[in-house]
Amino acid sequence: MTETIKKKRWLYIPIIIISFILGIIYLTKVADYLTLPFLSTLLIIVTFLEVYPGRNYFSKTNLIKIISALLLVALALWYQVTVFIIG
């Protein structure tokens with residue numbers, strides 16, 4: 001993914017930034033309870049796109065990326081349950 005973005009960064013980077021900002025503004029203004037699932041899904045997609053081209057899923061750096069993404073998703077899920085469902 002990094003190489004693809006470097007080759008066509010004039011197209012991808014502005015689209016990514018604009019859609020991310022508009023998505024965050026929409027989710028925080030309209031549907032606050034959907035912000036964390038949206039960001040978690042985005043994190044999983046970006047992590048997959050970063051790890052997939054190398055096809056070496058069990059290297060040390062890829063395992064660190066995958067585990068840290070899963071840890072952040074678990075923390076977001078815990079926060080989501082605690083604040084919006086229980087609280």
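Note that the numbering runs from 1 along the sequence shown for the chain. None of the values given here were measured: they were computed from a predicted structure.
Not counting sequence neighbours, Tyr79 has no partner by the side-chain hydrogen bond (donor to acceptor under 3.5 Å, both in side chains) test. Tyr52 meets the ring pair (Phe, Tyr, Trp, His ring centres under 6.0 Å) test with Phe48; sequence neighbours excluded. Residues passing the side chain to side chain contact (heavy atoms under 4.5 Å, CB included) test with Ile17 are Ile13, Ile21, sequence neighbours excluded. Take Ser59 and apply the side chain to side chain contact (heavy atoms under 4.5 Å, CB included) test, not counting sequence neighbours, and it matches Asn56, Thr61, Asn62.
Counting heavy-atom neighbours within 6.0 Å of Tyr57 OH, excluding the residue itself, gives a total above 12.
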Distance-only donor-acceptor pairs under 3.5 Å for side chains of residues 67-76, two or more places apart:
residue	atom	partner	partner atom	Å
Ser68	OG	Ile64	O	2.9
Ser68	OG	Lys65	O	3.0

